[in-house]
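We number each residue from 1, following the sequence as shown. Here the structure is a predicted model, which is why all the values come from computation and not from measurement. Order of listing sets the numbers, starting from 1, for every ligand and every atom in it. Because only heavy atoms are used, hydrogens play no part in the values below, and waters and symmetry mates are left out as well, while side chains stay in.
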Amino acid sequence: MAFIIDGKKVSAQIREQIAADTQKLLAETGVCPGLAVVIVGEDPASKVYVKNKKKGCGQVGFYSEEYALPEQTSQEELLALLDRLNADSKIHGILVQLPLPRHLDEKTVIERILPAKDVDAFHASNVGKIMIGDYDFLPCTPAGVMELLRSEKISAQGKECVVVGRSNIVGKPMAMLLLHENGTVTIAHSKTKNLAEVTRRADILVSAVGRAKFITADMVKPGAVVIDVGMNRDEQGKLCGDVDFALVEPVASYLTPVPGGVGPMTISMLLKNTLTSAQKAAKKG
Ligand code: GUN
């Protein structure tokens, strides 16, 4: 029987602290953290994420701007918007929701955001800083996972950690953060041979593959901590993670649900990064 880690509860505590720190920053310096969220096109999942990010800003007392641009927006138009937001002193964080429509070049777009305002930590300069352990912002989803582990006093030190998925957004930075905490880290992916054998080694198993019910009981070592980063729809169209919850729950010691696990934490980490950016800007004056 696994203990179910309540991401909503942990997230609410973090947001309370962010709200208090925001009031303090405003009272002491007159600076209110500002986040600009940019979405291009009509992807339904992206729209939900953006709505939740905006709602999160309201909860903690941030200033926020949302730019919902049409699907046909040109690269030049998008880059021009980013240039304006880079120069806007009310804005401390800029987030371009991914994926972008195919005619837009994701890499060029991300690299246009000032690293100091890149609260997703996707810019090459921020990714490089994370590699060497000298960073201003941590990538939101992996940082949220680390906070969830911390909330249950689960340390990665000396543990076998297996991350399934090697995306730039989750898998790779997730592995790096577990490594920073002295975990013994393996990244498994679609070309990994004998995947179940690899995942069964894990004391801490993080799945970020984006396939419904992909992680089954035979892939989990009894007593493992299982973190589900997936956000998928099952056959009935119901939101579900990468982990087959019903099968894995009796085997794992800790498990995160979907929804209500990692998802709310990602947004809390985004808010935390935006606050950090505003605090830094306030210091510079
Ligand atoms: N698409 C899926 N996850 C994310 C995220 O964390 N940030 C952005 N910008 N886009 C995403």
Please list, chain by chain and in numerical order, all residues satisfying side-chain hydrogen bond (donor to acceptor under 3.5 Å, both in side chains) with [X], sequence neighbours excluded.
{"X": "Tyr67", "value": "Glu65"}
{"X": "Ser167", "value": "none"}
{"X": "Asn52", "value": "none"}

(message) Assess, by modelled atom type and distance only, whether the side chains of Asn126 and Asp136 contain a donor and an acceptor separated by less than 3.5 Å.
(response)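 Asn126 vs Asp136: no donor-acceptor pair found between side chains.
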(request) Ignoring hydrogens and angles, state whether a donor on the side chain of Thr108 or Glu111 is under 3.5 Å from an acceptor on the partner side chain. (result)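 On atom types as modelled, these side chains do not qualify, holding no pair under 3.5 Å.
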(request) Could you pull out every protein residue that has a heavy atom closer than 4.0 Å to ligand 1, ordered by chain and then number? (result)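 Residues Lys53, Leu95, Val96, Gln97, Leu98, Asp120, Phe122 each place a heavy atom under 4.0 Å from ligand 1, listed by chain and number.
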(message) Tell me whether the rings of Phe3 and Tyr254 are parallel (<30°), tilted (30 to 60°) or perpendicular (>60°).
(response)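 It falls in the perpendicular class, over 60°.
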